[in-house]
There are 4 protein chains.
Amino acid sequence: MEFQSTKGIFQQIADNISHRILEGKLPPGERVPSVRDLASEFEVNRNTLLRTYSILEESGIIINKRGIGFFVAENAPEMILAAEKSFFFENELPGLMQKAKILKLTNADLIDLLNLLNENENK
Amino acid sequence: MEFQSTKGIFQQIADNISHRILEGKLPPGERVPSVRDLASEFEVNRNTLLRTYSILEESGIIINKRGIGFFVAENAPEMILAAEKSFFFENELPGLMQKAKILKLTNADLIDLLNLLNENENK
Amino acid sequence: MEFQSTKGIFQQIADNISHRILEGKLPPGERVPSVRDLASEFEVNRNTLLRTYSILEESGIIINKRGIGFFVAENAPEMILAAEKSFFFENELPGLMQKAKILKLTNADLIDLLNLLNENENK
Amino acid sequence: MEFQSTKGIFQQIADNISHRILEGKLPPGERVPSVRDLASEFEVNRNTLLRTYSILEESGIIINKRGIGFFVAENAPEMILAAEKSFFFENELPGLMQKAKILKLTNADLIDLLNLLNENENK
DNA sequence: GTGGTCTAGACCACC
DNA sequence: GTGGTCTAGACCACA
C-alpha cells in the first residue's frame, strides 16, 4: 500500500480498515489481524498499527478481547458510516460550497460535473 | 480570525488575502497591508506573515517593490481563479466523489443538498 | 460474566470464587468445580483458570488433592475476609479519601451518599 | 516524582497536571510547560509527555496553539472536576459499596472511619 | 523554538 | 500468542 504524505500513516490505515469493514471484507464479529501481522503486511512499525487500532477502538469500531486480539464490533458498519457522514456534512461540505462560490461555479455547473463524473465511472 | 488546524496558518492567511483580491477589496495595483499591520490584525507572529507573503509572491499574486512594500499584481484575480480551479478539479473533486460513493450518496442526494444550501444562503 | 478491563480476568474470577465461598455457596471442605467446567461457565481459556486456581491455592483458600481436584480450605472464609479487609484499609481507603478531598466532597456528603445507596439496596 | 507501576506513567503525569490546575498552580490561559521541558523535569521520554498532553487535549483541559505550545483551557478546572466526579460515582463508588458489603462493614462503621480519618488529617 | 509522526527495540501483563 | 508502555532517536511542518 502506498501512503500519501498529507495524512498520518496510522490514519490512512484506519481508513483502509474501515473501508474493508464497509465492503464486508471484515464482517462484524470477525477477528481483525494482529498488530504484528498487519504491521508487516503494511510494512510499518508495530507502534503505528497499535495507534491505528487504538483510534478504531476509541470510535467503537473494533473491540479488544484481552490477550486474544481485536474484533469487529457488531454495529461497526453503521458507526463508520455515521461518523463519516457527519464529518462530511460538518467539515467538508461547507468548505466545498464556499470554494464553489469563489470559483463562481453555479449549481448547474456542479450538476453537470456530477453527471460527467458518473458517466466516466460507469464506463 | 479563527484558524483551523488542518492547514498551516500561513496558508489560511494567504487564502484569505487571495479572496480579498477576488472580491475586489484589494484591487490590482493596490498596496498590500504591511507585514506589521496584518500580523497584528491576525494576531500572528510576523514570521508567519512573511511566509504568507513569500508564497503569494512566488505565485505572482503580489509583487515586491523593494523598500516600499508589496502590491497586488495586475492580473492577480485571474491567476488566483485559475490556480484554485485547477486545484479543485485535480485534487479535491476526485476525493469528494469517492467519499460520496462510500457514503452511498447518489447524485440526486447531492443535487438536493446543493439546492438546500443555496436556499439557506439566499435567506 | 462481564469482565472489566482494569483487573486481570484471572483475578476477577478468583474474586468471584472467593465471594462464593464467603456467601456459603462453596462451603469449606466442598470440592471446587473442575477447571474444565468453570472455563466453559466463564467462557475463558483453561489456562486462565489454572492461574486463578494457582493464586487461590497460594493464598491457602483452596487445597489441591492430587488426582482428585481442588477443595475449599476449612478456614477459607476467615482468610478471605481478613485478606480483603487489610487490603481495603491499607490500599484502597487512603486513595479514596484523597479523591473525596479533591472532589471537595465533605464527610456529610459521603454519609448522605451511603444512606442513599443503602436505601436503594433495600428496595 | 515517583511513579507507581499500576497505572501508566503518562496517566500519572496527566493526573499530576490536572491537580496542578485544580490547585491553581496552572491557572486557565497559562502556558503549560513544553513537552521537552516537562519530559526532562519528570525524567521521562518526550513521547510519554506527548501522549500525556494528547489525552489532556482530548479532554479539553489544555489547548494546542500550533508552533507555540499548550495552554490551560478557560474552563479547565470545571472540566477536570466534572470528569473525576462522574468517574468516581460511576466506576469507583459501586465497587466500593460492594466491597464494604462483603467486608460486612455497616454504614455506621464507615462513618466512624470517616471521622477517624478526618481527625488524623486535622492534627 | 513548538508539537507530531514514525521507527526500532525492549519489557511487561495477560490469555 | 495477544496488546500496552516506554525509551531513544530521527525527521518533519509550523511559528
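To find a chain, count down the sequence lines: A is the first, B the second, and so on, and within it residues start at 1.
Counting only heavy atoms from C-beta outward, the side chains of D:Pro28 and D:Asn75 never approach each other to under 4.5 Å. Between D:Val44 and D:Phe3, some side-chain heavy-atom pair lies under the 4.5 Å cut-off. By the 4.5 Å heavy-atom criterion applied to side chains, C:Gln11 and C:Ile55 are counted as neighbours.
Nearest-nucleotide positions on DNA chain E place D:Gly69 closer to the 5' end than the other of C:Phe10 and D:Gly69. The residue among B:Thr48 and D:Lys7 whose nearest nucleotide of DNA chain F is located toward the 5' end is D:Lys7. Across the interface with DNA chain F, nearest-nucleotide mapping of A:Asp37 and D:Asn45 shows A:Asp37 to be the residue nearer the 5′ end.
For D:Ile9 and E:dA13, the CD1 to P distance is 14 Å, given to the nearest whole Å. Taking atom CZ of A:Arg46 as the reference point, atom C1' of E:dC12 lies 11 Å away to the nearest angstrom. Nucleotide E:dC15 holds its P atom 11 Å from the CG atom of C:Asn47, rounded to whole Å.
Nearest heavy-atom pair across C:Ala39 and C:Leu49 is N-CD1, 2.9 Å. Scanning both residues, A:Glu84 and A:His19, for their nearest heavy atoms gives OE2-NE2, 3.5 Å.
Across all strands, B:Val44 comes closer than 4.0 Å to no nucleic acid atom at all (heavy-atom distances). Contact annotation for A:Arg36: base contact, defined as any heavy-atom pair under 4.0 Å involving a base atom. Residue contacts shown for A:Leu50 include a base, since a base heavy atom lies under 4.0 Å away. D:Arg51 comes within 4.0 angstrom of the backbone, heavy atoms only, and of no base.
Nucleotides of DNA chain F with any atom under 4.0 Å from a heavy atom of chain D span, from 5' to 3', F:dT5 to F:dA15.
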Dot-bracket for DNA chain E: what is it, with Watson-Crick or G-U pairs under 3.5 Å, [ ] where a pair crosses earlier ones, and | for a pair to another strand?
-> ||||||||||||||.

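With B:Thr52 contributing its side chain and B:Phe10 its backbone, the two residues share a donor-acceptor pair below 3.5 Å.
For C:Glu41 and C:Arg20, the salt-bridge test passes: some basic side-chain N is under 4.0 Å from an acidic carboxylate O.
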Expected list for residues 61-71 of chain D: side-chain donor-acceptor pairs under 3.5 angstrom, two or more places apart:
from	atom 1	to	atom 2	distance (Å)
D:Arg66	NH1	B:Ser5	O	2.5
D:Arg66	NH1	B:Lys7	O	3.1
D:Arg66	NH2	B:Lys7	O	3.0

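Atom CD of D:Glu43 sits in a sparse spot, with 12 or fewer heavy atoms from other residues, nucleotides or ligands closer than 6.0 Å.
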